[in-house]
There are 2 protein chains.
Amino acid sequence: MTPVFAHGNLRLYLLSLLAESPRHGYELIQALSERFGGTYSPSAGTIYPRLSKLEAEGLVTKTSDGRKTVYEITDAGRAELAARESELGAIEDEVTDSVRRLADEVRAGVNEAMRSLRADLASAAREAKRGRPADREHTSDVHPTPRQDSNAAVRDAEVVLNDFRQQMRTDLRSRAARGGLQDAVVAQLRHELAQVRANVLGTLK
Amino acid sequence: MTPVFAHGNLRLYLLSLLAESPRHGYELIQALSERFGGTYSPSAGTIYPRLSKLEAEGLVTKTSDGRKTVYEITDAGRAELAARESELGAIEDEVTDSVRRLADEVRAGVNEAMRSLRADLASAAREAKRGRPADREHTSDVHPTPRQDSNAAVRDAEVVLNDFRQQMRTDLRSRAARGGLQDAVVAQLRHELAQVRANVLGTLK
DNA sequence: GGCTAACTCGCGATATATCGTGTTCCTGGA
DNA sequence: TCCAGGAACACGATATATCGCGAGTTAGCC
């Protein structure tokens, strides 16, 4: 993965941010993210080691303040910054370019497309292990293209089933909370659901 | 945003993971992510408070080991888990459903589409300024108040509901796999379930 | 029995820090 | 002058912990 900041550039950029005002680490991450339209969010693993280094070099000072750690630029830091101010504009342009390229890659990426498929696979694996009849419906689908079109009906059915279960649960629970829930009701539910299943199975045949 | 784990479910699920083997917090996050096909990755802010709570309740123990903090289930934890083992299957299914729905939303989402645009806007602004250029499963409370009696029926009902859902799902999916599942069947299912609910509600009154 | 105030919970956001990998840069010796 | 080895660097992954919001649940009062 091509880094957004080239060798030494982040160091200088952090210094320029701290020249505006003292900040703590997380604020610097946010500031960077904001400056590049939310597209680039440097990870903590990028920022904190750099800040430690800057401190070791005497360009910033660290002040612990409760949960936060405020960093402040020193005179030496300001001097360093002044000496290399001309580089800053170029750095910003470079970063903007990198970030734009990254965004394009993400947009074209297939990354997100397989998520629901993977969820199905995981659940199928789990069901198989539990000894239930595994429903391997999607496992043969090699293509990342989601099966939602061909299976819209199945999906609808799942929503129907799930909603029903949620509602019944709420009903029964609130009933149990005030008064008791008789076993007879549960028996009735069991019976009626068995009936529903038989009916649907009949239609399918 | 609808939570993936319903009220109290994460607590139980974490316990079940720790029953398999002691783990540290980050491992639990990974384990959860793995179980749901990488689709659901609980944040640290979800896991650590829950672990602290479990520790305060005496269901797990915390052992600091260098950079890591290993959590281990206690006998009390195992007891709690055993008492509610029947709920685990339902929880897994629920989570799978939630996650699938979430994935569908993301897939349909426009989120990523504006990124590079925003990067452009941010850079333009900068140049201008530069002057030129699930439901509720719950129940086991924090306080070990034994009231299993009123809950036994609810538990039974939950098992009934879950089994039904599981079976119907398998039925419908295998049907969809060989031939098509007509919308009419889904409509029928919806209708019949509404009827069942009305009947049960009638009995409750 | 009904209502609501208090409490619990899931979770993203906030906050910090280290480690390992792959790359780039720089320096001293051939 | 060239180039090899090491230092410096950017960064994702690893690791932990707290805060506050919104939604769900319960307990207690009437």
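Naming: A, B, ... by sequence-line order, numbering from 1 per chain.
Listed by first then second residue, pairs satisfying side chain to side chain donor-acceptor pair (under 3.5 Å) with a partner in residues 14-26 of chain B read B:E20-B:R35, B:H24-B:E27, not counting sequence neighbours. Residue pairs that meet the salt bridge (charged side-chain N to carboxylate O under 4.0 Å, His left out) test with at least one member in residues 192-201 of chain B, sequence neighbours left out, are A:D171-B:R197. For the side chain to side chain donor-acceptor pair (under 3.5 Å) condition, the pairs that include at least one residue of residues 56-67 of chain A, sequence neighbours left out, are A:R11-A:E57.
Qualifying side-chain hydrogen bond (donor to acceptor under 3.5 Å, both in side chains) partners for A:E87, counting only residues two or more places apart in sequence or in other chains: A:R84. B:S41 pairs by the side-chain hydrogen bond (donor to acceptor under 3.5 Å, both in side chains) definition with B:S33, not counting sequence neighbours. The side-chain hydrogen bond (donor to acceptor under 3.5 Å, both in side chains) search around A:T69 returns none, not counting sequence neighbours. Shown here are the side-chain hydrogen bond (donor to acceptor under 3.5 Å, both in side chains) partners of A:T74, two or more places apart in sequence or in another chain: there are none. Qualifying side-chain contact (heavy atoms from CB on, under 4.5 Å) partners for B:A79, counting only residues two or more places apart in sequence or in other chains: none. Under the ring pair (Phe, Tyr, Trp, His ring centres under 6.0 Å) criterion, A:F5 pairs with A:Y13, A:Y40, not counting sequence neighbours.
In this structure, A:Y48 atom OH and D:dA13 atom C1' are separated by 16 Å, rounded to whole Å. Across the protein-nucleic acid pair, B:Q30 atom CD and D:dG12 atom P stand 17 Å apart, rounded to whole Å. Across the protein-nucleic acid pair, A:Y13 atom OH and D:dC11 atom P stand 13 Å apart, rounded to whole Å. Between B:Y40 atom OH and C:dG12 atom C1' there is a gap of 11 Å when expressed in whole angstrom units. Taking atom CG of B:N9 as the reference point, atom P of D:dG24 lies 13 Å away to the nearest angstrom. Computed from coordinates, the A:L51 CG to C:dT18 C1' distance equals 14 Å when rounded to whole Å. The nearest whole Å value for the distance from the CD1 atom in B:I29 to the C1' atom in C:dG10 is 13 Å. The separation between A:I47 atom CD1 and C:dA17 atom P is 13 Å, rounded to whole Å.
Listed by residue number, A:H24, A:G25, A:Y26 are the residues of residues 18-28 of chain A with a heavy-atom contact under 4.0 Å to DNA chain C. Taken residue by residue, residues 61-72 of chain B places heavy atoms nearer than 4.0 Å to DNA chain C at B:R67.
Looking at heavy-atom distances under 4.0 Å, A:G45 makes contact with a base. Base contact: B:P49 has a heavy atom under 4.0 Å from a base atom.
Of the possible donor and acceptor atoms, none in the side chain of B:T46 sits under 3.5 Å from a partner among the backbone N and O of B:P42. A donor-acceptor contact shorter than 3.5 Å links the side chain of B:T96 to the backbone of B:E92.
Between the side chain of B:T46 and the base of C:dG10, no donor-acceptor pair under 3.5 Å is found.
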Protein-nucleotides 4-8 of chain D N/O pairs closer than 3.5 Å?
none

